[in-house]
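Below is one structure, written out as C-alpha cells; comments come after it.
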There are 2 protein chains.
Amino acid sequence: MSAEAGRTTATLDAVARTAGVSRATASRALTGSPRVSDDARERVLAAAASLSYVPNAAARALVTRRSDAVAFVVCEQEERFFSDPFFASVLKGAHRVVAASRRQLVFAVVASEDDRARLVRFAAGGHVDAAIFLSVHAGETAPERLRERGVPVVLVGRPPAGVAEDVPRADTDNVAGARAAAEHVLGRGRRRLGVITGPLDMPSAEDRLEGVRRAVAAAGGVVGAPGGPAPAGEPSVAVVEGDYTTEGGRRAAAALLERVPGLDAVLAQNDLMAVGALGLLRERGIGVPDDVAVVGYDDIPLASAVGPALTTVHQPLEELGRESATLAVALAVGGAEEGRGGSVLRPRLVVRSSS
Amino acid sequence: MSAEAGRTTATLDAVARTAGVSRATASRALTGSPRVSDDARERVLAAAASLSYVPNAAARALVTRRSDAVAFVVCEQEERFFSDPFFASVLKGAHRVVAASRRQLVFAVVASEDDRARLVRFAAGGHVDAAIFLSVHAGETAPERLRERGVPVVLVGRPPAGVAEDVPRADTDNVAGARAAAEHVLGRGRRRLGVITGPLDMPSAEDRLEGVRRAVAAAGGVVGAPGGPAPAGEPSVAVVEGDYTTEGGRRAAAALLERVPGLDAVLAQNDLMAVGALGLLRERGIGVPDDVAVVGYDDIPLASAVGPALTTVHQPLEELGRESATLAVALAVGGAEEGRGGSVLRPRLVVRSSS
DNA sequence: TGGCACCGTGGAAGCGCTTCCACGCCGCCT
DNA sequence: AGGCGGCGTGGAAGCGCTTCCACGGTGCCA
C-alpha cells in the first residue's frame with residue numbers, strides 16, 4: 001500500500017512488448033502452445049527471463065479454472081497428526097507424487113468447525129484442484145461439501161458413515177491385516193485376547209475389529225464375552241475402544257487387565273497404542289511375550305525400536321500416499337470424472353519378539 | 001470439461017440477483033463493509049447461504065492482490081523433515097497462529113532445484129501472502145527471489161550467507177545454548193570434548209560451535225587440537241561435522257572415538273545425532289555417562305525416552321513456530337513493510353542422566 | 001421551506017491472463 | 001497462373017471479483 005509498493009512485478013503485457021509480439025503470442029509461447037514460431041518463442045522466453053517474469057497465479061487461475069495445487073487434509077487434532085508417524089509417511093508418499101506432477105501440495109489440518117469452514121472456503125474457492133482426505137471420522141462433512149462444489153476428492157481409507165461410498169480412494173485391507181494378526185496369536189496358543197481399537201467412528205477401526213472377529217469365529221471362539229469362563233480351549237475376545245494414542249493404549253491395556261482374567265494377548269489397532277500397552281505391562285511386571293503377547297498395527301519406525309520389538313501389521317504407508325496422490329492428480333487433470341475407484345493395498349504381518 | 005461439468009458454482013452475480021441488489025452491494029455485504037444497510041446485508045447473506053455461495057478465490061485475489069495463505073517452507077530433504085520432530089514442533093506452533101488469523105497454511109518442501117523453481121513460481125505468483133523459511137542453508141536463493149518479487153519472507157533462525165541480514169526472523173540464542181551445554185560438562189570435570197556439528201553451512205551449526213568455543217576458551221582450553229596431548233587439566237575440543245541425522249551421529253561418534261584418545265564428552269548439536277552417538281557408544285561397550293557424557297540439542301520427545309535419558313538443550317520449538325508465524329501474518333497484512341526484526345528466544349539446558 | 005451533507009446504492013472499470021476468432025501470408029496443387 | 005489450405009499472429013472478449021465514482025434520496029439546519 002505504501003508509496004514504496006513500487007517494484008511492480010512484470011506482467012505478461014510487459015513481456016510481450018519487450019519481445020515485440022502481442023500478448024496472445026506471448027501467452028502461447030509461455031504456456032508451450034505449438035502454434036508459435038520458433039523465433040517468436042525464443043524472443044518471448046528471453047524477454048520473460050530478463051524481466052524475471054512470474055505469471056500471476058490468480059489471473060491465470062481465474063480463466064483456466066485450475067490452480068495446480070492439491071490439498072492434503074488431515075481430519076484430526078494437530079496433536080495426533082504430529083505425534084503419529086503414520087501421517088508423516090503417507091504425506092511423504094503423496095508429496096513425492098504431487099511434486100513430480102509439478103503441482104504444489106497444500107497441507108491442512110481440520111480439527112475444529114472453524115478449520116473445516118476455512119478449508120471448504122479455501123478449496124472450493126479454487127485454491128486447489130483436488131483434495132486428499134486422511135483420518136476421516138463418521139459425520140465429517142468436508143469431503144461432501146467439496147464434492148458438491150465440484151472439487152474432486154480422494155480418501156485414504158474407506159469412507160465412514162456420512163461420506164459417499166463412491167469416493168475414489170486408496171486403502172489397505174484392514175480386515176485381512178487384523179485377521180492375520182489374530183490368527184498369528186491364536187496359532188501360538190493364545191486364547192484370551194484383548195483388542196484395543198481405534199476410535200470406532202473410523203472405518204479402519206471397524207474393519208480391523210471385524211478382522212479379529214473373523215479369525216476368532218473361525219477358531220470357534222466367542223467375541224465380546226470377556227468375563228465368564230469360556231470353555232477351555234475356545235478363544236474369547238474382549239474389546240476396549242482406544243484413540244490411537246500411546247496414552248490411550250496404556251489406559252486401554254489397564255482396562256483389559258482388569259476385565260479379562262488370564263489375558264494372554266493384546267491386539268492393538270495401531271503401534272502407538274501397542275507401545276502404550278507395552279509400557280503398562282512392563283510397569284506391572286507382566287512379561288511380554290511370556291505372559292501376554294502384544295501385536296501392533298502400521299509398522300511405524302518406533303515399532304522395531306521399542307523394548308521387545310513389536311510384532312505388527314506392516315502397512316505400505318508411503319505407497320498409500322503415492323496411490324492417493326496419483327488419483328488426486330488424475331482427478332485434478334480430468335475434472336471430477338469417474339475416479340477409477342482406487343486400489344486396495346495388502347498389509348503384511350511382521351513377526352518380531354513381542355508375540 | 002465433460003458435459004456434466006454443470007453444477008455451476010454460484011457467482012456473486014447470482015447472489016446479487018437473488019437478493020435483488022447490485023453486485024457492488026452484494027460484494028460490500030459479504031466483505032463486511034459498513035456502507036450497507038442492514039436490510040440489504042441480510043438479504044445478501046441469506047441469498048449467499050441459500051446458494052451455498054463460495055467466493056472465487058482467484059477472482060478475489062486478482063483484484064485484492066492477496067490470497068490469505070501463508071507458506072511454510074522447509075529447505076531440506078523430505079527424509080529429514082519427516083524424521084526430525086524439530087520440524088513438526090515448529091510447524092505445529094506456526095499452524096496454530098496462521099489458522100487463528102483465518103489464513104491457510106501452505107506447506108512446502110524444497111529439496112531440489114526443481115522444487116525451488118516451483119515454489120518461487122507458486123509463491124511469487126500470488127498464491128501466498130508471506131513465506132516462512134526453515135532450515136535455510138548457505139546459498140539458498142528462494143528467500144531472496146521471493147523478496148525481490150515483493151513477497152514478505154520470515155526466517156526461522158539466523159540468515160546464512162547469501163540471504164540478506166535484514167530479513168525478519170524468529171530465532172533462539174544458539175551460542176548461549178551450546179555454551180551452557182559445554183560449561184555443564186566442563187563443570188563436571190570433562191576435559192576431552194568432541195563436538196558433532198550440524199551441516200556447517202547452517203547458521204545454527206556455526207553458532208552452536210561458537211558457543212562451545214567460547215566456553216572452552218573461557219576455561220583456558222584449546223579448540224581443534226584433538227590429537228596432541230593437551231596439558232593436563234586444560235580442556236580440548238575436537239570437531240566433526242555431522243548432518244543432523246541419527247545415522248550421521250553414529251558415524252561422527254565413531255570418528256571422534258578414533259581421533260580423540262580419552263574422549264570423555266560428546267556434544268551433539270541436535271538430539272537425533274546424540275541418539276546415534278548413544279547407540280554407537282552402547283555397542284562399543286562404553287558407559288554413558290560413566291566413560292563419556294553425551295549432550296544433545298533441541299529436546300525433542302525422544303530425548304527423554306532413550307536409554308540413558310538425554311541431557312540436552314531445550315528449545316521452545318512451538319514458540320519459535322508461533323513467533324515466526326506471527327511475524328509472517330503481520331507482514332502479510334502490512335505488505336513488505338518493516339518487519340520488526342523478530343525476536344530471539346532463550347534455550348535452556350535440561351540435565352538428565354546422560355551427562 | 002430551501003439547501004446541504006451524508007448515506008446507501010448501482011454502473012462501470014479493470015485486475016492479468018487465456019483463448020476464440022478472423023486475418024493475412026506463404027506455398028502448394030490443379 | 002489462380003485458388004485454396006494452413007500456419008502464425010493480433011484483436012478482443014471475458015473469467016468473477018472489488019472499488020471508484022456519481023447519483024438520488026433522506027433528514028437536518030438555517
Side-chain angles (χ1 to χ4, degrees), chain A residues 1 5 7-45 47-48 51-68 121-122 124-127 129 149-150 335, chain B residues 1 5 8-45 47-48 51-68 121-122 124-127 129 149-150:
Chain A
M1 280 298 109
R7 179 169 265 140
T8 31
T9 31
T11 106
L12 179 61
D13 201 61
V15 173
R17 243 179 344 242
T18 308
V21 299
S22 72
R23 235 165 55 230
T25 300
S27 172
R28 279 186 288 255
L30 290 168
T31 53
S33 154
R35 314 187 70 67
V36 188
S37 65
D38 289 348
D39 176 53
R41 184 191 323 279
E42 258 170 47
R43 296 213 316 278
V44 169
L45 293 180
L51 298 173
S52 8
Y53 170 71
V54 174
N56 180 306
R60 169 175 285 180
L62 182 56
V63 42
T64 60
R65 313 184 113 9
R66 284 188 297 95
S67 65
D68 292 329
R121 225 181 130 82
F122 185 85
H127 273 301
D129 297 334
R149 290 174 174 78
Chain B
M1 279 299 111
T8 30
T9 31
T11 105
L12 178 63
D13 201 62
V15 173
R17 246 185 335 249
T18 307
V21 299
S22 72
R23 232 163 60 228
T25 300
S27 171
R28 279 186 287 256
L30 290 168
T31 53
S33 154
R35 316 187 69 67
V36 187
S37 65
D38 290 348
D39 175 51
R41 184 191 323 280
E42 260 170 45
R43 294 214 314 279
V44 169
L45 293 181
L51 297 173
S52 1
Y53 170 71
V54 174
N56 180 307
R60 169 175 286 180
L62 182 57
V63 42
T64 60
R65 318 188 93 43
R66 283 188 297 95
S67 65
D68 292 330
R121 223 183 132 82
F122 184 85
H127 273 302
D129 297 335
R149 291 175 173 78

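Below, chain A is the first sequence line, B the second, and so on; all start at residue 1.
- Across all strands shown, B:Ala58 has no heavy atoms under 4.0 Å from either base or sugar-phosphate atoms.
- Among the heavy atoms of the strands lying under 4.0 Å from A:Ser27 is at least one base atom, whether or not backbone atoms are also near.
- Judged by closest nucleotide on DNA chain C, B:Ala24 is the one of B:Ala24 and B:Arg65 placed further toward the 5' end.
- Here B:Ala61 lies out of heavy-atom contact (under 4.0 Å) with every strand.
- Taking all atoms of both residues into account, the shortest heavy-atom contact from B:Leu62 to A:Ala58 is N-CB, 3.6 Å.
- Axis deviation across the helix from C:dT1-D:dA30 to C:dT30-D:dA1 amounts to 50°, comparing end segments of five pairs, rounded to 10 degrees.
- Summarising the geometry, the separation between CG on B:Asn56 and P on D:dC15 is reported as 11 Å, rounded to the nearest angstrom.
- One N or O on the side chain of B:Arg43 and one on the backbone of B:Ala19 form a donor-acceptor pair closer than 3.5 Å.
- Distance, B:Leu62 CG to D:dT19 C1': 13 Å, rounded to whole Å.
- Atom-to-atom, CD of B:Glu42 to C1' of C:dG8 comes out at 16 Å; the value is rounded to the nearest Å.
- Look at B:Thr64 and you won't find any side-chain N or O under 4.0 angstrom from OP1 or OP2 of C:dC15.
- Rounding to the nearest 0.5 Å places CG of A:Asp68 at 7.0 Å from NE2 of B:His127.
- Between B:Asp38 atom CG and C:dC7 atom P the separation is 14 Å, expressed in whole Å.
- Within the structure, a side-chain polar atom (N or O) of A:Tyr53 is placed less than 4.0 Å from OP1 or OP2 of C:dC17.
- Here B:Tyr53 contributes atom OH and B:Thr11 contributes atom OG1; the two are 6.5 Å apart, rounded to the nearest 0.5 Å.
- When each of A:Arg28 and A:Arg23 is assigned the nucleotide of DNA chain D bearing its nearest heavy atom, the one mapping closer to the 5' terminus is A:Arg28.
- With C:dG14, C:dC7, C:dT18 as the candidates, the nucleotide lying closest to the side chain of B:Arg35 is C:dC7.
- Spacing between atom CG of B:Leu12 and atom P of D:dC15 amounts to 13 Å, rounded to whole angstrom units.
- Comparing C:dT18, D:dG10, C:dG10 by their nearest atom to the side chain of A:Ser22 picks out D:dG10.
- Summarising the geometry, atom OG1 belonging to A:Thr9 is positioned 6.5 Å from atom CZ belonging to B:Arg65; distances are rounded to the nearest 0.5 Å.
- In this structure, the nucleotide among C:dT18, D:dT9, C:dG16 sitting nearest to the side chain of A:Arg60 is C:dT18.
- At the phosphate of C:dT18, neither OP1 nor OP2 sits under 4.0 Å from any side-chain N or O atom of A:Thr31.
- Listed pair B:Arg41 / C:dG8 fails the phosphate criterion, with no side-chain N or O lying under 4.0 Å from OP1 or OP2.
- Between the P atom of D:dA12 and the CG atom of A:Asp13 lies a distance of 14 Å, rounded to the nearest Å.
- Using a 4.0 Å cut-off, no side-chain N or O of A:Thr25 falls inside it from OP1 or OP2 of D:dG8.
- A donor-acceptor pair is defined here as one N or O able to donate and one able to accept, closer than 3.5 Å; such a pair exists between the side chain of A:Thr18 and the backbone of A:Ala14.
- Between B:Arg60 and B:Asn56 the shortest side-chain heavy-atom distance does not fall below 4.5 Å.
- When the P atom of D:dG16 is taken as reference, atom CZ of B:Arg17 falls 12 Å away, rounded to whole Å.
- Side-chain contact check for A:Leu30 versus A:Leu12: some heavy-atom pair is nearer than 4.5 Å.
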